[in-house]
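Residue numbers start from 1 in every chain, and the chains themselves are labelled A, B, ... in the order their sequence lines are given, proteins ahead of strands.
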Protein chains: 2
Amino acid sequence: MKPVPAPKPSSVAAAPAIDEVDAGFLESLIGYNARRAALAVIEVFLQRMVVYELRPVDFSVLSLTGHNPGITSRQLCTTLGILPPNLVGIINTMARRELVTRRPHPHDGRAVGLHLTAKGFKLMREAERTAAALEVEVTSSLSTAESKALITLLKKVYQTRQDEAARTPRRASANQR
Amino acid sequence: MKPVPAPKPSSVAAAPAIDEVDAGFLESLIGYNARRAALAVIEVFLQRMVVYELRPVDFSVLSLTGHNPGITSRQLCTTLGILPPNLVGIINTMARRELVTRRPHPHDGRAVGLHLTAKGFKLMREAERTAAALEVEVTSSLSTAESKALITLLKKVYQTRQDEAARTPRRASANQR
DNA sequence: TATTGTTATACTCTATAACTATA
DNA sequence: TATAGTTATAGAGTATAACAATA
């Protein structure tokens, strides 16, 4: 983006140098732009959540469990698009930190209901407040209407994908993301 | 957010089961929605690019090199937000596949200019066509105006983040996400 | 027979340190 | 001294297979 000295009118255009990268094609793709935006926001998220020792997944599990007392591992996996083996460690760590407890499921002996402790709820409230503040910051270049529109459009994209995947059963219900 | 059967007026609310997960809070966050949308689109992208043996990074490198002949590794890294050590293997593989060649940089003996071979250009054109087709598909639930708006809004989010990071030099220019 | 939760493990992606050649 | 490219390696994140307990 800086002013560049005019290219030497020299002869051999054999292997010219690039001074301004043209990423035009990539920037026309939803996937590319959505990934860049997600990474940019998550970068800030990571910084702000360090004090709570919460990674994005941890935050998601905390928030979902707080708003859905008794939720099962399976439900967390389906909602967040993560695999059961990878959730075990997350829950274990949170249990060791005394943020969540496992209680027997009311009518399924295989399943376990997850619940936040008082400490867990306190952390959830603080972390959600921080996330909400961060949200305002990250959307500072957008109007309120634009922020709402952005979220609506993003949901349309992934919910449509999700529905189509459900309508095209690969075997049963495709598990991930 | 779907209608939920009225809670049984039963007695012990000890450990109720969750039948519909409320992800309301998470769904209010740009980062969460952008990540979900990116993953949904990339999933389709992965499937369609299998025939070309191109992962998203490979595609990006191929496209950028095709549109910017003579681009350096450093420029690719900066543009795509990947680290130099992780790019080496990508370029090596693409060179082994005879898609790119390394040529001396016109006026910097340390740098190497990257160029597509004829085979590389052919693959780039095919892959870009596929990506463009996929784009139409993935935005089927959006109007043309909505698709354009979505991309504009996403760019606003990450370009603002990017600019602020540049204005707050942590040491020099913070390289990575 | 199918599903929940779990262990063990492999694979991919991303990050850090250190080296060389050139500027 | 700083930068471009590279090597080796460490660490996260994500994936598959297989098992016990329950449905």
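- For the pair B:Ile82 CD1 and D:dG5 P, the computed distance is 12 Å after rounding to whole Å.
- Shown here are the ring pair (Phe, Tyr, Trp, His ring centres under 6.0 Å) partners of A:Tyr32, two or more places apart in sequence or in another chain: there are none.
- We find that CD1 of A:Ile71 is positioned 14 Å from C1' of C:dT4, with the value rounded to whole Å.
- Here the side chain of B:Thr117 pairs a donor or acceptor atom with the backbone of B:Leu99 at under 3.5 angstrom.
- Rounded to an integer number of Å, the gap from A:Arg74 CZ to D:dT22 P is 18 Å.
- We find that CG of B:Leu39 is positioned 14 Å from P of D:dG13, with the value rounded to whole Å.
- Applying the ring pair (Phe, Tyr, Trp, His ring centres under 6.0 Å) definition to pairs two or more places apart or across chains, those involving residues 51-95 of chain A are A:Phe45-A:Phe59.
- Counting to the nearest Å, the P atom of D:dT14 and the CG atom of B:Leu46 are 13 Å from each other.
- Contacts of B:Val57 with the nucleic acid, taken as non-hydrogen atoms under 4.0 Å apart, are absent.
- Atom CG of B:Leu83 and atom C1' of D:dT6 are 14 Å apart (whole Å).
- Taking A:Thr101 as the reference, nothing meets the side chain to side chain donor-acceptor pair (under 3.5 Å) condition, with sequence neighbours excluded.
- Between the CZ atom of B:Arg103 and the P atom of D:dG5 there is a distance of 16 Å, given to the nearest Å.
- Shown here are the salt bridge (Lys or Arg N to Asp or Glu O under 4.0 Å) partners of B:Glu98, two or more places apart in sequence or in another chain: there are none.
- Note on A:Met49 and A:Val57: same hydrophobic cluster, where clusters join Ile, Leu, Val, Met, Phe, Trp and Tyr whose side-chain heavy atoms are under 4.5 Å apart, directly or indirectly.
- Within residues 85-102 of chain B, the residues having any heavy atom under 4.0 Å from DNA chain C are, by residue number, B:Pro85, B:Asn86.
- The hydrophobic cluster containing A:Val50, built from Ile/Leu/Val/Met/Phe/Trp/Tyr side-chain heavy atoms closer than 4.5 Å, comprises no other residue.
- Across the protein-nucleic acid pair, A:Ile42 atom CD1 and D:dA12 atom P stand 17 Å apart, rounded to whole Å.
- In this structure B:Arg125 satisfies the salt bridge (Lys or Arg N to Asp or Glu O under 4.0 Å) test with no other residue, sequence neighbours excluded.
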Which atoms of nucleotides 20-23 of chain C (N or O only) lie under 3.5 Å from a protein N or O atom, and what are those distances?
{"unit_1": "C:dA23", "atom_1": "OP1", "unit_2": "B:Gly109", "atom_2": "N", "d": "2.8"}

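- The side chain of B:Arg55 lies closest to C:dC13 when the candidates are C:dC13, C:dG5, D:dT16.
- Annotation: ring pair (Phe, Tyr, Trp, His ring centres under 6.0 Å) contacts of A:Tyr158 (sequence neighbours excluded): none.
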